[in-house]
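Ligands are counted one by one from 1 in listed order, and the atoms in each one are counted from 1 as well.
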Amino acid sequence: MHEKFPPEPALNAGRLKGRDIMAQLWGGRFTKETDQRVKAFNDSLSFDIRLLPDDIAGSIAHAEMLGKVGVLTQEEADLIVEGLYGILEDSESGELPVTDAYEDVHSFVEANLINRIGETGKKLHTGRSRNDQVALDMRLYTRSRMEETGSLIVDLMEVLLKLMKEHTQTFMPGFTHLQKAQPVTLAHHLGAYFEMFGRDAGRIADAMVRMNECPLGAGALAGTTYPLDRSFTAEQLGFFGPTANSMDSVSDRDYLLEYLFDLSVIMMHLSRFSEEIILWNSNEYRFIELDDAFSTGSSIMPQKKNPDIAELVRGKTGRVYGDLMALLTVMKGLPLAYNKDMQEDKEGAFDAMDTANTCLELFTGMLETIYFRKDVMEQSARRGFTNATDAADYLVGRGVPFRDAHGIIGRMVVECISRDISLEDLTLEEMKAFSPDFDQDIYEALSMKNCVDRRNTTGAPGAAAMEQEMAHDEEELAEYRELFIYTDEDDPEE
Ligand code: ARG
């Protein structure tokens, strides 16, 4: 899993001022100091410092490759690599302060390398540009956040399947137009979300395959004259291989857009689910009881226990959509190749990743601890004429044409509404007054259990169909678990 480091960049403004050490990477062509407002506007260190481990990993691969192809001597490469490890260590321990003297994470690393190991440090940037460097860093960072998203979805699917297994006989109304329609089970209802999150996991997995190419070596835009071994660096960094076109390599943010879209769909699914949790938790439904640890109170109304987690997830969905729209808009007018506009990819993308991943984690915790009031759910299905279709089907079984049966049951429903009772509360005599085809076994046919369990077409809520569905879900989950969840066995060094 990607470790965010440092979690909050410690910006100590001006701490390096007046000291004779290197902080800026360019300047030779300039005869004036940068206006301080320009520097503040241009700098990205405050938000791209989270790319530090990725920037150092990329630099290590680049230095090793330069040593391997002979652009650097092996001693030079070794010295650089050692210096880079030192920078990572010292930043992690806090010994090396991150100050706003540096323009961005790339400058921070390179300047500190030079300050640390001297002249040799100035050779690291041979055959490289910050354009392919930032393209690489973002890809590495995004790849590990995608993996994190994948594993968080797996956790959620795990909880869903566990609940499904527990609730195959928990009857509840299924709704259309938010009106009670036909009875289903809680297992079936939750199974719908299992499908959605399964597709979400699949989308992340697909996108990870597409994005896993290494832009390092593309240079500023046109490659380089040095004999770089791009396949070597790609392999070192866990990519399938190098990207194919250097101009595309430094200009492409499709993979980020794809991930932000995937996160948007995940948020949309979480938001719909949240909406149901909020409804089910209301005094009117009372289907569920949220755990005290996953709900909050009111400062004025002592009786309140609010579904704030679900509401926040629903609310935060807009942010993630916004982050996707912002990046789509940033990219839409950019000529090839790199443009500084692309620095604007970061804050929004980081916000979307942080937001969606946190929402996934919190939602799973909330779901895991919900108490489902089975009796209330079943009673609700019973009181909503959700078995009316089954009553009509019963008559069809006795030779009544469906349209006639529909009319008969409709009239019975009107009668029941006026008496505030359910269909099965009518006596057989009363039923027979509507149709002579009713018999004692109608009561059996109207039971929630029968109404549900007889629906066994593929994908339906009946017990046999649900068995099949859950067996399939089990396999799907195992696949994603293997793809996204790492165990010690996968990596013996960990
Ligand atoms: N901070 C920059 C970014 O995020 C790094 C690349 C700078 N490249 C350049 N040509 N100025 O895009």
Side-chain angles (χ1 to χ4, degrees), residues 4-6 9 11 22-30 34-59 62 84 87 91 98-114 124-145 211 214-224 243 246-257 259-260 323 326-354:
K4 259 182 274 160
F5 181 81
L11 288 181
M22 171 163 210
Q24 197 191 45
L25 299 183
W26 42 269
R29 186 226 181 280
F30 291 77
T34 315
D35 186 298
Q36 277 312 300
R37 288 165 303 178
V38 171
K39 176 166 163 45
F41 188 62
N42 183 62
D43 285 1
S44 55
L45 184 74
S46 63
F47 50 87
D48 66 19
I49 187 64
R50 67 162 86 189
L51 301 175
L52 184 69
D54 306 291
D55 196 77
I56 288 186
S59 294
H62 184 64
L84 288 167
I87 291 170
S91 321
V98 179
T99 78
D100 66 3
Y102 308 95
E103 182 181 338
D104 53 25
V105 65
H106 325 295
S107 314
F108 174 76
V109 172
E110 194 180 328
N112 275 294
L113 183 70
I114 295 166
L124 169 63
H125 213 50
T126 313
R128 191 178 68 167
S129 157
R130 274 187 297 166
N131 297 351
D132 59 344
Q133 200 177 347
V134 74
L136 170 68
D137 293 2
M138 273 304 272
R139 245 179 233 248
L140 286 172
Y141 180 79
T142 303
R143 190 176 67 183
S144 64
R145 295 306 300 269
M211 67 98 78
C214 185
L216 186 62
L221 76 162
T224 150
T243 47
S246 61
M247 292 180 81
D248 177 52
S249 309
V250 293
S251 314
D252 168 33
R253 297 292 183 276
D254 295 5
Y255 70 91
L256 205 48
L257 286 166
Y259 181 34
L260 295 190
D323 293 328
L327 185 56
L328 280 168
T329 313
V330 165
M331 296 305 295
K332 75 179 256 297
L334 298 189
L336 291 179
Y338 179 84
N339 301 269
K340 194 60 171 259
D341 314 45
M342 291 160 90
Q343 179 167 289
E344 283 296 307
D345 65 353
K346 289 178 195 62
E347 287 162 290
F350 293 157
D351 177 64
M353 302 173 194
D354 295 346

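- A donor-acceptor distance shorter than 3.5 angstrom exists from the side chain of Asp35 to the backbone of Arg37, with no hydrogens or angles considered.
- Under the rule for a side-chain contact (heavy atoms from CB on, under 4.5 Å), Ala40 has no partner lying at least two apart in sequence or in another chain.
- Side-chain contact check for Ser46 versus Asp100: every heavy-atom pair is 4.5 Å or farther apart.
- Of the possible polar contacts, one joining the Asp323 side chain to the Ala352 backbone as a donor-acceptor pair under 3.5 Å is found.
- Applying the salt bridge (Lys or Arg N to Asp or Glu O under 4.0 Å) rule to pairs touching residues 326-341 yields Glu103-Lys340, sequence neighbours excluded.
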List, for ligand 1, each N/O atom that has a protein N/O partner under 3.5 Å away, with both atom names and the distance.
| residue | atom | partner | partner atom | Å |
| --- | --- | --- | --- | --- |
| ligand 1 | 1 (N) | Ser44 | OG | 3.1 |
| ligand 1 | 1 (N) | Asp104 | OD2 | 3.3 |
| ligand 1 | 1 (N) | Gln343 | OE1 | 2.7 |
| ligand 1 | 4 (O) | Lys346 | NZ | 2.5 |
| ligand 1 | 8 (N) | Asn131 | OD1 | 2.9 |
| ligand 1 | 10 (N) | Asn131 | OD1 | 3.0 |
| ligand 1 | 12 (O) | Tyr338 | OH | 2.3 |

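- Listed by first then second residue, pairs satisfying ring-ring contact (aromatic ring centres under 6.0 Å, His included) with a partner in residues 334-354 read Tyr141-Phe350, not counting sequence neighbours.
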